[in-house]
Chemist: 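Sharing a structure here in structure tokens format.
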Amino acid sequence: MTAVAYKRILLKLSGEALMGEDKYGINHAVMGRIVAEIQEVSKLGVEIAIVVGGGNIFRGMKSANDGLERVTADYMGMLATVMNALALQDAMKLVGLVPRIQSALRIEQVVEPYIRGRAIRYLKDGRVVIFAAGTGNPFFTTDTAAALRGMEMNADIMLKATKVDGIYTSDPKINPDATRFHQLSFDEAITKNLQVMDATALTLCRDQKLPLNVFSIFKTGALKRIITGEDEGTLVTV
Ligand code: UDP
């Protein structure tokens, strides 16, 4: 069996990743590709917990500007993550993975509530746990939820799947001279304001010494390369 560098991971999948090149919603072909990448590492015996975002359907901050109360908009954003979790669950079942969704907001006819001990048991049993509804609180992001659940699950690393293959000195889409960091400290990421993820999430990871790897989910095999300890994307550590 291939040796793995991380036994238990927390994968953060943004809504944007699920959208692919579309402008809105879920692209099912893209979802299928992402699930295939996840299945590859599941076959290695890695325990996988996932936090899904909701930005492909609803983003609280933006809609708050359009006249909704911020808290209302944030709850709508959290509900959007539940929709993504449901779609992800079905895509996983199609390939034979056994997913379980747990939600930070109670909607028990649809998904079970977040219960830490049960989630850990699922992971040990080889199920893929999908955490929905972020932290369950407005004014937070699913990046912060990912840091939080990563810590609660005692994950070995948090993997942030994006469309870009790591953290760059500046936006590579705007600046062709931007270069990728192979490795970075949390303090550098925070003080250089590198737009990796919000400061709350970065600070949580730093304080609890949860390493973070930012990588592209669209680069075939990238997730597996990280798991087997190869240099892929950007690794952020204390
Ligand atoms: N959200 C929230 N609390 C949380 C997580 C998310 O209020 O703990 C809301 C917030 O409005 C956010 C939306 O849900 O804009 C979708 O989450 P996020 O923007 O993090 O999704 P992503 O960018 O990863 O797709």
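In listed order, ligands and their atoms are each counted from 1.
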Chemist: Kindly indicate whether the side chain of Ile227, heavy atoms from C-beta on, has any atom under 4.5 Å from the side chain of Lys7.
Modeler: no
Chemist: Give yes if a backbone or side-chain nitrogen or oxygen of Gly55 is under 3.5 Å from a nitrogen or oxygen of ligand 1, and no if not.
Modeler: yes
Chemist: Could you tell me which atoms of ligand 1, counted from 1 in the order shown, lie closer than 4.0 angstrom to a heavy atom of Gly53?
Modeler: 21 (O), 22 (P), 24 (O), 25 (O)
Chemist: Please report whether ligand 1 has a polar contact with Thr142, defined as an N or O pair separated by less than 3.5 Å (distance criterion only).
Modeler: yes
Chemist: Between Leu88 and Ile26, is any pair of side-chain heavy atoms under 4.5 Å apart?
Modeler: no
Chemist: Among protein heavy atoms, which sits nearest to atom 21 (O) of ligand 1, and what does the distance come to when rounded to 0.1 Å?
Modeler: Gly54 N, 3.1 Å
Chemist: Any nitrogen or oxygen of Gly15, side chain or backbone, less than 3.5 Å from one on ligand 1?
Modeler: yes
Chemist: Under 4.0 Å from any heavy atom of Asn137, which atoms of ligand 1 are there?
Modeler: 2 (C), 3 (N), 4 (C), 7 (O), 8 (O)
Chemist: How far is atom 23 (O) of ligand 1 from the closest protein heavy atom, and which atom is that?
Modeler: Arg59 NH1, 2.7 Å
Chemist: Locate the shortest heavy-atom distance separating Gly20 from Phe218; write the atom from each residue and the value.
Modeler: CA-CZ, 4.4 Å
Chemist: Any non-hydrogen side-chain atom of Leu184 less than 4.5 Å from a side-chain atom of Leu235?
Modeler: no
Chemist: Of the backbone atoms (N, CA, C, O) and the side-chain heavy atoms from C-beta on, which set of Ala145 has a member under 4.0 Å from an atom of ligand 1: side chain, backbone, both, or neither?
Modeler: neither
Chemist: Is there a side-chain contact between Val4 and Val41 (heavy atoms, below 4.5 Å)?
Modeler: no
Chemist: Can Ile157 and Asn213 be said to form a side-chain contact (heavy atoms from CB on, under 4.5 Å), step by step?
Modeler: CA-CA 7 Å; Ile157 191 162; Asn213 203 315; 4.1 Å; yes
Chemist: Charged N to carboxylate O below 4.0 Å: is that the case for Arg118 and Glu112?
Modeler: yes
Chemist: Do Asn56 and ligand 1 have an N or O pair less than 3.5 Å apart?
Modeler: no
Chemist: Please list, in number order, the atoms of ligand 1 under 4.0 Å from a heavy atom of Thr135.
Modeler: 4 (C), 8 (O)
Chemist: Measure from NZ or CZ of Arg149 to the centre of the six-membered ring of Tyr114 and say whether it is under 6.0 Å with the direction within 45° of the ring axis.
Modeler: yes
Chemist: Looking only at protein heavy atoms, which one is nearest to atom 14 (O) of ligand 1, and how far off is it?
Modeler: Gly77 C, 3.2 Å
Chemist: Please report which non-hydrogen protein atom sits nearest to atom 15 (O) of ligand 1, along with the residue it belongs to and the distance in Å to one decimal place.
Modeler: Gly60 N, 3.1 Å
Chemist: Any nitrogen or oxygen of Leu13, side chain or backbone, less than 3.5 Å from one on ligand 1?
Modeler: no
Chemist: In this structure, does ligand 1 have an atom that sits under 4.0 Å from one of the heavy atoms of Tyr75?
Modeler: no
Chemist: Salt bridge or not between Lys219 and Glu232? Use side-chain N to carboxylate O under 4.0 Å.
Modeler: yes
Chemist: At less than 4.0 angstrom from any non-hydrogen atom of Lys12, what atoms of ligand 1 do you find?
Modeler: 24 (O)
Chemist: Which residues pass the side-chain contact (heavy atoms from CB on, under 4.5 Å) test with Val164, not counting sequence neighbours?
Modeler: Thr162, Tyr168, Pro172
Chemist: Using a 4.0 Å cutoff against the non-hydrogen atoms of Phe58, which atoms of ligand 1 qualify?
Modeler: 13 (C), 16 (C)
Chemist: If the cut-off is 4.0 Å to any non-hydrogen atom of Pro138, which atoms of ligand 1 fall inside it?
Modeler: 7 (O)
Chemist: With a 4.0 Å cut-off on N to O distance, would you call Glu40 and Lys224 a salt bridge?
Modeler: yes
Chemist: Among protein heavy atoms, which sits nearest to atom 9 (C) of ligand 1, and what does the distance come to when rounded to 0.1 Å?
Modeler: Asp74 O, 3.5 Å
Chemist: Write out the residue and atom name of the closest protein heavy atom to atom 5 (C) of ligand 1, then the distance separating them to 0.1 Å.
Modeler: Thr141 C, 3.4 Å
Chemist: Starting from atom 6 (C) of ligand 1, locate the nearest protein heavy atom and write down its residue, its atom name and how far away it is, to 0.1 Å.
Modeler: Phe140 O, 3.6 Å
Chemist: Just wondering, do Ile130 and Arg100 contact through their side chains at under 4.5 Å, heavy atoms?
Modeler: no
